[in-house]
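Numbering of ligands and ligand atoms starts at 1, following listing order. Along the sequence shown, the residues carry numbers beginning at 1. Worth knowing before you read on, the calculation uses all heavy atoms, side chains too, and leaves out hydrogens, waters and symmetry mates.
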Amino acid sequence: MAAAGTTEVKMQEVKDLTRIERIGAHSHIRGLGLDDTLEPRATSQGMVGQAEARKAAGVVLRMIEEGNMSGRAVLLAGPPGTGKTAIAMGIAQALGEDTPFTSIAGSEIFSLEMSKTEALTQAFRRSIGVRIMEETEIIEGEVVEIEMDQPAAGGASEMTGKLTLKSTEMETVYDLGTKMIESLNKEKVSAGDVITIDKASGRITKLGRSFTRSGDYDAMGPQTRFVQCPEGELQKRKEVVHVVSLHEIDVINSRQQGFLALFSGDTGEIKPEVREQIDSKVAEWREEGKATIVPGVLFIDEVHMLDIECFSWLNRALESDLAPVLIIATNRGITRIRGTNYKSPHGIPIDLLDRLIIITTSPYSGKEIRKILDIRCEEEDVEMSDDARELLTRIADETSLRYAMHMIMSASLVCSKRRGTEVEIEDIKKVYSLFIDLKRSTNFLLEYQSEYLFHEVDDDDDEDEEDDKGGAQDMDTK
Ligand SMILES: Nc1ncnc2c1ncn2[C@@H]1O[C@H](COP(=O)(O)OP(=O)(O)OP(=O)(O)O)[C@@H](O)[C@H]1O
Ligand SMILES: [Mg+2]
């Protein structure tokens, strides 16, 4: 009985988990929102305003797609909350699935169980795709009949049968073994389906139902797709294309880790010899025309967290012939380069800055903020009255866009607590008084500093110390 009880609990948990839909900070971004001539539309694909930066990002995107950007680097610079990360996500979305896009935060490379440069190398190689072309032999046809011989009584596991396939020109009967019968059953293949069978692996794929069967409603669901009966020979050669990243090839070929490490993410350091071997193998494939390189994008957010060693590594790596496009972002002004006592714009060494093209983002107007908040309300599925939106926009203008965005969900919870259906001004006010923003928090601290530990307000002008704490160096000078 007890056992039954626990399984019930588990089932419940599983159900609850699948219902959660995560809404990320950038989940409303679906591209850069540009038209064919790369002009930014006022509001499109979740993107609002920031026209110049989006246009510039569009040019970068076009160059990436045409493959003449690799080994180059773009810096997105601007005050906090002006859409730098959002634009990078927009580029990722617009590139589509076949171009590798790796996104890391500058601080990430310090927290892994490997050296900084190994972490960067892995991120680099994750961002370079190898498109491998393979010719396989397949059988493609419409199923005329499936015959299965009943296994002899006593449950002998050997099953046999016959499969009749036809194309517009021919019809052939194939003998079936146990495995094929199982996969036919698994795919629920029946007469009238058009299928392909991969000759090497035996994998069966259902393409749809033949048009000639469109009248027979029994075997039809709401999503049934109809296809033509294949033409010509039943056996065909087909070109299949896979895109894998260099990093994936590295991991699979490094005997220590094996491919399972791809799933656990626990790849450890990979030996340089392994990489060398793989590079020469890939070069060989390219010469033979079996593979091409797809330079992807490596996005390093909060790049000021890298130190001088990493920057120097990047300088070098960008010059190698297998380099992805590097996009970096920062909100820092002139500040100390980590690992040195020197200051430099954005905390990036001048020699790397010299290799970059720089896109700047600027603060939003009231109208744009309103539009972004509207989009977020929709994304988070929150109904809000016009007055409340107006107030929220004003709050965003006076505090920050992020603070206002956080208020959407909390105001909606306050609203449902009072059984309201639409967030009203009072809900916003309530949340505004419950959760304070940066400015109020600072004022509060200034007022009551003596009651806190470690207060050092007088040291304000000691900049070098501030550097290590980060935040104070943000670009927005108020
Ligand atoms: N132009 C825009 N259109 C739509 N949403 C935007 C736009 N710009 C910013 N946002 C949204 O506003 C929030 C803050 O922007 P984002 O995180 O991109 O700022 P950031 O410039 O990366 O700031 P930081 O320097 O602090 O990292 C995000 O949720 C982002 O999706
Ligand atoms: Mg950001």
Engineer: Any nitrogen or oxygen of D301, main chain or side chain, under 3.5 Å from a nitrogen or oxygen of ligand 1?
Structural biologist: no

Engineer: Return yes when atom CD of E284 has more than 12 non-hydrogen atoms of other residues, nucleotides or ligands closer than 6.0 Å, and no otherwise.
Structural biologist: yes

Engineer: Does F110 have R338 sitting over its ring (NZ/CZ under 6.0 Å from centre, angle to axis within 45°)?
Structural biologist: yes

Engineer: Students should be able to answer this: which protein heavy-atom is nearest to atom 3 (N) of ligand 1, and at what distance?
Structural biologist: V48 N, 2.9 Å

Engineer: Name the option, out of S27, A25, A86, that contains the heavy atom nearest to atom 10 (N) of ligand 1.
Structural biologist: A86

Engineer: Is G81 near ligand 1, meaning one of its heavy atoms is under 4.0 Å from it?
Structural biologist: yes

Engineer: Return yes if a side-chain donor-acceptor contact under 3.5 Å exists between R131 and H242, otherwise no.
Structural biologist: no

Engineer: Give the numbers and elements of all ligand 1 atoms closer than 4.0 Å to a heavy atom of P80.
Structural biologist: 23 (O), 24 (P), 25 (O), 26 (O)

Engineer: Only heavy atoms of T82, strictly under 4.0 Å: list the atoms of ligand 1 that pass.
Structural biologist: 19 (O), 20 (P), 21 (O)

Engineer: Looking at H406, M407, M405, which hits side-chain contact (heavy atoms from CB on, under 4.5 Å) with Y403?
Structural biologist: M407

Engineer: Indicate whether any N or O donor in one side chain lies under 3.5 Å from an N or O acceptor in the other, for H346 and T330.
Structural biologist: no

Engineer: If I take every N, O or S atom of N331, is at least one of them less than 2.8 Å from the Mg ion (ligand 2)?
Structural biologist: no

Engineer: Will you find, in the side chains of S312 and N315, an N or O donor that is under 3.5 Å from an N or O acceptor?
Structural biologist: no

Engineer: Any atoms of ligand 1 less than 4.0 Å from a non-hydrogen atom of L401? List them with their elements.
Structural biologist: 12 (O)

Engineer: Within a reach of under 6.0 Å around CZ of R394, are more than 12 heavy atoms found that belong to other residues, nucleotides or ligands?
Structural biologist: no

Engineer: Considering H26, M405, Q50, H406, which one's heavy-atom position lies nearest to atom 11 (C) of ligand 1?
Structural biologist: M405

Engineer: What protein heavy atom is closest to atom 25 (O) of ligand 1, reported as residue, atom name and distance in Å?
Structural biologist: K84 NZ, 2.7 Å

Engineer: Looking at atom 4 (C) of ligand 1, what's its closest protein heavy atom, distance included?
Structural biologist: G46 O, 3.0 Å

Engineer: Working to the nearest 0.5 Å, report the span between CZ of R30 and CE of M89.
Structural biologist: 14.5 Å

Engineer: Check the surroundings of atom CD in E422: do more than 12 heavy atoms from other residues, nucleotides or ligands lie under 6.0 Å from it?
Structural biologist: yes

Engineer: Does the Lys NZ or Arg CZ of R440 fall within the cation-pi geometry relative to F435 - under 6.0 Å from the ring centre and within 45° of the axis?
Structural biologist: no

Engineer: Note the single closest protein heavy atom to atom 17 (O) of ligand 1, along with its residue, its atom name and the distance in Å.
Structural biologist: R402 NH2, 2.7 Å

Engineer: If you measure from each heavy atom of G78 to ligand 1, is any distance below 4.0 Å?
Structural biologist: no

Engineer: Hey, is the main chain of D193 close enough, under 3.5 Å, to the side chain of K206 for a donor-acceptor pair?
Structural biologist: no

Engineer: Does ligand 1 have any atom sitting under 4.0 Å from a heavy atom of E302?
Structural biologist: yes

Engineer: Under 4.0 angstrom from ligand 1, any heavy atom of H28?
Structural biologist: yes

Engineer: Provide the number and element of each atom of ligand 1 under 4.0 Å from a heavy atom of G83.
Structural biologist: 8 (N), 9 (C), 15 (O), 16 (P), 18 (O), 19 (O), 20 (P), 21 (O)

Engineer: Given side chains that start at C-beta, do those of Y364 and I372 come closer than 4.5 Å, heavy atoms only?
Structural biologist: yes

Engineer: Just need the protein heavy atom nearest to atom 8 (N) of ligand 1, so name the residue and atom and give the distance.
Structural biologist: Y364 OH, 2.5 Å

Engineer: Going by the order shown, which atoms of ligand 1 are within less than 4.0 Å of some heavy atom of N331?
Structural biologist: 24 (P), 25 (O), 26 (O)

Engineer: If we set the cut-off at 4.0 Å for heavy atoms, which region of T85 has an atom near ligand 1: side chain, backbone, both, or neither?
Structural biologist: both

Engineer: Considering only heavy atoms, does T361 approach ligand 1 within less than 4.0 Å through its side chain, its backbone, both, or neither?
Structural biologist: neither

